Amino acid sequence: ALDAARGADEAVGAARGARGGAQAETLTLAGVAHRLPGFEMRTITFTKQAPEEVAALRAAFNGGARRDFLTDLGTRRADELRAAGMSEADIARIAGGRLPQGYQVHHIRPLDGGGGNDVSNLVLIRGNPEHALLTNHQNALTRDMLPGETRRLEWPVPSRPSAVIPDGPGNAAVPVSGGG
């Protein structure tokens with residue numbers, strides 16, 4: 001199972017490395033369709049993890065992996081954060097291992113679907129609406145799955161390497177008139 005999860009994480013990492021002409025995805029939140037630039041749908045094999053496995057990964061994430069990711073991001077990729085519109089105060093906060101207001105660290109492949117806490121599976125993302133859109137999509141697809149159950153799912157992944165979402169002006173999620 002661990003080898004399968006590593007392979008899945010490598011596939012997500014490869015998806016993050018894809019560049020080019022993917023169209024923005026449309027996801028729904030509270031009945032409103034939003035265009036989500038910078039994401040594309042990829043078919044993944046999602047195996048629901050046992051709650052105790054997810055709890056252990058979440059504890060490791062909360063116990064230091066999130067802080068380590070943020071510290072690295074704020075010190076080594078400050079230019080990318082500036083390009084995304086982060087203030088110098090936000091960048092200093094991130095370099096100190098803390099989240100800027102309104103942001104979360106997102107697992108591209110969720111912990112309950114075989115994802116891990118490695119840097120290639122993490123991205124700093126605005127909480128509303130981007131993270132809420134992704135979480136809503138995940139919950140809609142997986143809420144009735146039992147541990148050990150596997151499905152092939154269409155999953156939104158970043159279409160280009162980026163440490164922060166949205167990664168610049170004009171790349172934020174926007175409501176779509178007419179429901180999609």
Side-chain angles (χ1 to χ4, degrees), residues 5 8-19 22-49 51 53-55 57-58 60-62 65-66 69-70 73 77 80-81 84-86 90 94 99-145 149-176 179-180:
D9 283 342
E10 289 170 7
V12 170
R16 289 188 71 189
R19 289 198 178 267
Q23 296 295 317
E25 291 306 319
T26 302
L27 300 177
T28 303
L29 179 64
V32 177
H34 289 72
R35 188 174 57 82
L36 192 58
F39 279 81
E40 62 188 19
M41 299 305 270
R42 295 282 177 108
T43 302
I44 67 165
T45 302
F46 187 104
T47 300
K48 186 76 166 189
Q49 302 301 300
E53 293 174 23
V54 176
L57 287 166
R58 179 65 58 190
F61 178 70
N62 292 334
R66 174 184 20 225
F69 168 74
L70 289 168
L73 180 62
R77 298 177 80 175
E80 195 172 339
L81 295 169
M86 294 277 177
D90 285 337
I94 293 165
L99 287 166
Q101 185 171 359
Y103 281 79
Q104 298 178 29
V105 176
H106 171 69
H107 289 85
I108 298 168
R109 176 179 284 270
L111 297 177
D112 70 337
N117 291 321
D118 55 297
V119 172
S120 67
N121 193 43
L122 300 174
V123 65
L124 181 64
I125 189 167
R126 190 167 58 169
N128 190 18
E130 287 82 6
H131 192 254
L133 285 161
L134 294 169
T135 299
N136 187 61
H137 180 78
Q138 173 191 347
N139 290 342
L141 292 177
T142 65
R143 74 172 41 103
D144 64 338
M145 290 179 72
E149 184 178 349
T150 298
R151 292 184 187 163
R152 294 197 38 86
L153 302 172
E154 291 298 308
W155 205 259
V157 297
S159 56
R160 59 188 175 270
S162 181
V164 61
I165 296 172
D167 62 359
N171 290 336
V174 293
V176 178

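Basis for what follows: all heavy atoms, side chains included, without hydrogens, waters or symmetry-related copies. Start at 1 with the first residue, then count along the sequence. Computed from a predicted structure; not experimentally measured.
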Task: Whether Glu130 side chain and Ala172 backbone form a donor-acceptor pair below 3.5 Å - done: no
Open item on the list: Is any side-chain heavy atom of Phe39 closer than 4.5 Å to one of Leu27?
Closed with: no
Task: Residues in side-chain hydrogen bond (donor to acceptor under 3.5 Å, both in side chains) contact with Asn136, at least two apart in sequence or another chain - done: none
Open item on the list: Less than 4.5 Å apart, side chain to side chain, heavy atoms only: is that true for Leu153 and Thr43?
Closed with: no
Task: With Gln138 via side chain to side chain contact (heavy atoms under 4.5 Å, CB included) - residues at least two apart - done: Pro110, Asp112, Thr142, Trp155
TODO: Not counting sequence neighbours, which residues clear ring-ring contact (aromatic ring centres under 6.0 Å, His included) with His137? List them please.
DONE: none
Task: Minimum-distance pair of heavy atoms, taken over all atoms of Glu154 and Pro156 - done: O-CD, 4.2 Å
Task: Interatomic distance, Asp144 atom CG to Lys48 atom NZ [nearest 0.5 angstrom] - done: 9.0 Å
- [ ] Measure the spacing between CD of Gln104 and CG of Leu124 and express it to the nearest 0.5 Å.
- [x] 9.5 Å
TODO: State whether the side chain of Asn171 and the backbone N or O of Pro166 hold a donor-acceptor pair below 3.5 Å, judged by distance alone.
DONE: no
Task: Closest approach of Gly116 to Asn121 (non-hydrogen atoms, all atoms of both residues) - done: O-ND2, 2.8 Å
Open item on the list: Strictly distance-based, threshold 3.5 Å: is any side-chain N or O of Glu80 a donor or acceptor partner for the main-chain N or O of Ala163?
Closed with: yes
Task: Smallest separation among heavy atoms of Ala173 and Leu133, with atom names - done: CB-CD1, 3.8 Å
Open item on the list: If you apply the rule side chain to side chain contact (heavy atoms under 4.5 Å, CB included), what do you find for Met86 with Ile94, and how did you get there?
Closed with: CA-CA 10 Å; Met86 294 277 177; Ile94 293 165; 4.2 Å; yes
Open item on the list: Within this structure, what is the NE2-CG distance for the pair His107 and Leu122, rounded to the nearest 0.5 Å?
Closed with: 5.0 Å
Task: Side chain His34, main chain Val32, donor-acceptor under 3.5 Å - done: yes
Open item on the list: Do Tyr103 and Asp90 make a side-chain contact, defined as non-hydrogen atoms from C-beta onward lying under 4.5 Å apart?
Closed with: no
Task: Asp167 and Arg126: CA distance, side-chain angles, deciding distance, salt bridge (charged side-chain N to carboxylate O under 4.0 Å, His left out) verdict - done: CA-CA 10 Å; Asp167 62 359; Arg126 190 167 58 169; over 6 Å; no
Task: Closest heavy-atom pair and its distance - Thr26, Ala33 - done: CG2-CB, 3.7 Å
Open item on the list: If only side-chain N and O atoms count, and only distance matters, is there a donor-acceptor pair under 3.5 Å linking Arg58 with Asn62?
Closed with: no
Open item on the list: Could you tell me if Thr45 and Arg152 have a donor-acceptor pair between their side chains, going purely by distance under 3.5 Å?
Closed with: yes
Open item on the list: Are Leu111 and Gln49 packed together at the side-chain level, in the sense that at least one heavy-atom pair is separated by less than 4.5 angstrom?
Closed with: no
TODO: Determine yes or no for a side-chain-to-main-chain donor-acceptor pair under 3.5 angstrom, with Arg109 supplying the side chain and Gly113 the backbone.
DONE: yes
Open item on the list: Side chains of Val164 and Ile125, heavy atoms from C-beta outward: is any pair under 4.5 Å?
Closed with: no
Open item on the list: I'd like to know whether Leu70 forms a side chain to side chain contact (heavy atoms under 4.5 Å, CB included) with Leu99, so could you lay out the CA-CA distance, the side-chain angles of the two residues, the decisive distance to 0.1 Å, and finally the verdict.
Closed with: CA-CA 7 Å; Leu70 289 168; Leu99 287 166; 3.9 Å; yes
Task: Within-4.5 Å side-chain heavy-atom neighbours: Leu57 and Asn117 - done: yes
Task: Any side-chain heavy-atom pair of Glu149 and Thr47 under 4.5 Å - done: no
- [ ] Measure the shortest side-chain to side-chain distance between Glu40 and Arg42 over non-hydrogen atoms and say whether it is less than 4.5 angstrom.
- [x] yes
